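Notes for the one structure printed next.
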2 protein chains.
Amino acid sequence: MNNITSNHYNLDKCNNCPVRDLSFCNALDNGALEEFSALSKTKSFQDGQLIFSEGKTNEYLGSVILGIVKIYKLLDDGRQQIVSLGFPGDMLGNIIDSEYNYFAESVGDTKICFYQVARINNFAESNPAIYRSILGKTTEQLGHAREWLLLLGRKTAQEKIASFLLLLAEHHKGDSPNQAFKIPLKRQEIADFLGLTIETVSRHFSNLKSKQLIREYAGHMLTIVDYDQLKSLA
Amino acid sequence: MNNITSNHYNLDKCNNCPVRDLSFCNALDNGALEEFSALSKTKSFQDGQLIFSEGKTNEYLGSVILGIVKIYKLLDDGRQQIVSLGFPGDMLGNIIDSEYNYFAESVGDTKICFYQVARINNFAESNPAIYRSILGKTTEQLGHAREWLLLLGRKTAQEKIASFLLLLAEHHKGDSPNQAFKIPLKRQEIADFLGLTIETVSRHFSNLKSKQLIREYAGHMLTIVDYDQLKSLA
DNA sequence: GGGTGAAATTGACATAAATCAAATGGCGCA
DNA sequence: TGCGCCATTTGATTTATGTCAATTTCACCC
């Protein structure tokens with residue numbers, strides 16, 4: 001995202017952007033909300049498309065509107081760790097640092113709403129609710145990151161897989177408890193999220209299937225058959 | 001920290017508290033700083049003393065003044081993961097959540113400055129610099145947490161140990177590059193920070209010593225003999 | 001100075017997960 | 001229908017780290 005206004009990004013202004021209901025600006029009163037939303041622009045990304053890179057100037061703050069974004073870090077030799085999954089309503093990036101510290105990539109097709117960091121900072125000076133809201137989002141992300149530290153540092157592969165499936169299920173809570181949903185990540189991405197290899201992930205999926213705790217069919221549609229027992233493994 | 005005002009905590013007001021130079025309130029102008037600092041109280045803790053617990057009401061925001069605080073999470077069976085080390089100047093807790101999500105414990109003797117969350121929130125409404133400053137601290141902690149996700153998920157035991165030693169060395173940067181310093185954590189705590197067992201930690205310390213990359217003496221005083229080579233292992 | 005107990009080290013062995021390698025499955029497309 | 005390309009699964013084997021069990025070190029204190 002070197003230059004968000006360059007025409008190949010196909011931006012369109014989103015005066016009535018869903019971000020209002022989803023995102024960090026929902027703390028504003030109506031007048032301020034109008035003004036703030038006018039600063040935003042949405043953009044669509046395809047599966048695997050790079051959204052921003054470590055080291056690049058932190059010019060835009062994003063808000064995921066549709067789809068999932070993976071935030072990851074790399075070691076020199078290519079080892080990868082996904083440090084966060086951005087679901088709709090989640091904030092992307094921050095308004096503090098001068099550079100991005102991570103890579104962000106679209107998982108499946110996504111839609112993201114962007115705000116200029118400079119303008120947000122400017123706007124927030126006279127609207128503490130913006131700071132407060134962004135602080136809330138950041139604190140939430142810190143909580144998730146620390147939950148994942150516990151998972152990566154202390155859980156077994158089976159526990160990791162179970163926790164991951166329950167995390168996904170959380171994002172379908174509106175549906176019935178055992179509602180089927182599509183696993184949005186490839187096996188390699190799951191491995192990079194859980195600090196495992198693709199083979200270990202695959203083996204434990206097979207394991208859970210043979211134990212009849214989950215069912216998978218038709219291109220990674222998943223049903224959690226026994227939610228409670230899966231939870232006891234996490 | 002059930003009740004910070006109970007007398008056994010031995011609180012004393014810190015009108016001229018070092019937190020001013022170290023902490024999240026240094027963004028304020030002098031007038032506001034006076035007012036804000038007056039809300040703080042310092043307290044001392046001994047090695048191993050519990051500072052706050054998961055599930056307790058989030059009544060106080062802390063700022064580490066002296067010593068080191070470990071923030072950790074537990075699994076039901078007692079497995080522990082340290083998710084953050086709080087060094088002087090670091091913020092402890094947050095002003096968003098209604099409950100603490102972690103355990104905090106003193107590593108060695110510490111001194112911590114506390115503010116009432118309710119009063120900070122109140123004060124910040126008319127002082128966006130406070131929100132901004134706390135947001136900066138939180139964003140920084142998120143960055144550290146994600147760096148550690150990479151370490152826990154993808155680094156080998158040797159790389160973890162090397163990274164840990166370099167982290168400690170970072171906090172002695174004022175000194176000469178190869179300045180000796182005391183390792184503040186016990187082996188078990190290092191293990192809980194790195195997602196390893198105590199035996200693995202010990203073995204890799206022995207390893208680094210036999211390779212002459214580090215020296216340890218007189219009660220865990222440490223010298224990094226070959227900084228560059230240690231860095232290449234991290 | 002010798003005794004005590006916690007912390008750290010070391011050794012022998014077990015095992016979960018990684019690695020290497022092959023087979024299978026699924027999907028778009030000619 | 002069948003080819004080609006990935007993604008996934010499965011199998012065989014290795015290895016890093018965990019586990020269990022002594023032993024050693026060291027700080028502290030009488």
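Protein chains get the first letters and strands the later ones, always in sequence-line order, with residue 1 at the start of each. All values derive from a computational prediction rather than experimental measurement.
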Under 4.0 angstrom, heavy atoms only, what part of the nucleic acid is B:Lys209 near: base, sugar-phosphate, or nothing?
sugar-phosphate
Please work out if B:Ser206 contacts a base, only the sugar-phosphate, or nothing of the nucleic acid, heavy-atom cut-off 4.0 Å.
sugar-phosphate
From the options [options], select the nucleotide whose nearest atom is closest to the side chain of [X].
X	options	answer
A:Thr156	D:dT9, C:dA17, C:dT9	C:dA17
B:Ala157	C:dA17, D:dT17, C:dA8	D:dT17
B:Ser202	D:dA7, C:dT10, D:dT10	C:dT10
B:Glu199	D:dC20, C:dA18, C:dA21	D:dC20
B:Glu216	D:dA12, C:dT9, D:dG18	C:dT9

Write down the distance between [atom1] ([X]) and [atom2] ([N]), rounded to a whole number of angstrom.
X	N	atom1	atom2	value
A:Lys182	C:dG26	NZ	C1'	13 Å
B:Arg79	D:dG18	CZ	P	12 Å
B:Tyr217	D:dA27	OH	C1'	18 Å
A:Ile198	C:dC20	CD1	P	15 Å
A:Ile183	D:dT9	CD1	C1'	14 Å
A:Lys186	D:dT9	NZ	C1'	17 Å
A:His204	D:dT9	NE2	P	13 Å
A:Leu152	C:dA16	CG	P	20 Å

Take A:Phe205 and B:Thr200, find for each the nucleotide of DNA chain D with the closest heavy atom, and name the residue whose nucleotide sits nearer the 5' end.
A:Phe205
N/O (side chain, A:His220) to phosphate O (OP1/OP2, D:dT8) under 4.0 Å:
yes
Respond yes when some side-chain nitrogen or oxygen of B:Arg203 is under 4.0 Å from OP1 or OP2 of C:dT10, and no when none is.
no
Do you see a donor-acceptor pair shorter than 3.5 Å between the side chains of A:Gln158 and A:Arg203?
no
Any side-chain heavy atom of B:Ile190 within less than 4.5 Å of one from B:Phe164?
yes
When rounded to the nearest 0.5 angstrom, what is the spacing between OG in B:Ser163 and CG in B:Leu194?
8.5 Å
Set out, in order, the CA-CA distance, both residues' side-chain angles and the distance that settles side-chain contact (heavy atoms from CB on, under 4.5 Å) for A:Gln141 and A:Met91, then state yes or no.
CA-CA 9 Å; A:Gln141 292 191 0; A:Met91 186 176 73; 3.9 Å; yes
Report, one line per pair, each donor and acceptor closer than 3.5 Å where one atom sits in a side chain of residues 75-85 of chain B; sequence neighbours left out.
{"unit_1": "B:Asp77", "atom_1": "OD1", "unit_2": "B:Arg79", "atom_2": "N", "d": "3.2"}
{"unit_1": "B:Asp77", "atom_1": "OD1", "unit_2": "B:Arg79", "atom_2": "NE", "d": "3.2"}
{"unit_1": "B:Asp77", "atom_1": "OD2", "unit_2": "B:Arg79", "atom_2": "NE", "d": "3.0"}
{"unit_1": "B:Asp77", "atom_1": "OD2", "unit_2": "B:Arg79", "atom_2": "NH2", "d": "3.1"}
{"unit_1": "B:Arg79", "atom_1": "NH1", "unit_2": "A:Arg154", "atom_2": "O", "d": "2.8"}
{"unit_1": "B:Arg79", "atom_1": "NH1", "unit_2": "A:Glu159", "atom_2": "OE1", "d": "2.9"}
{"unit_1": "B:Arg79", "atom_1": "NH2", "unit_2": "A:Glu159", "atom_2": "OE2", "d": "2.8"}
{"unit_1": "B:Gln81", "atom_1": "NE2", "unit_2": "B:Asp192", "atom_2": "O", "d": "3.0"}
{"unit_1": "B:Gln81", "atom_1": "NE2", "unit_2": "B:Phe193", "atom_2": "O", "d": "3.2"}

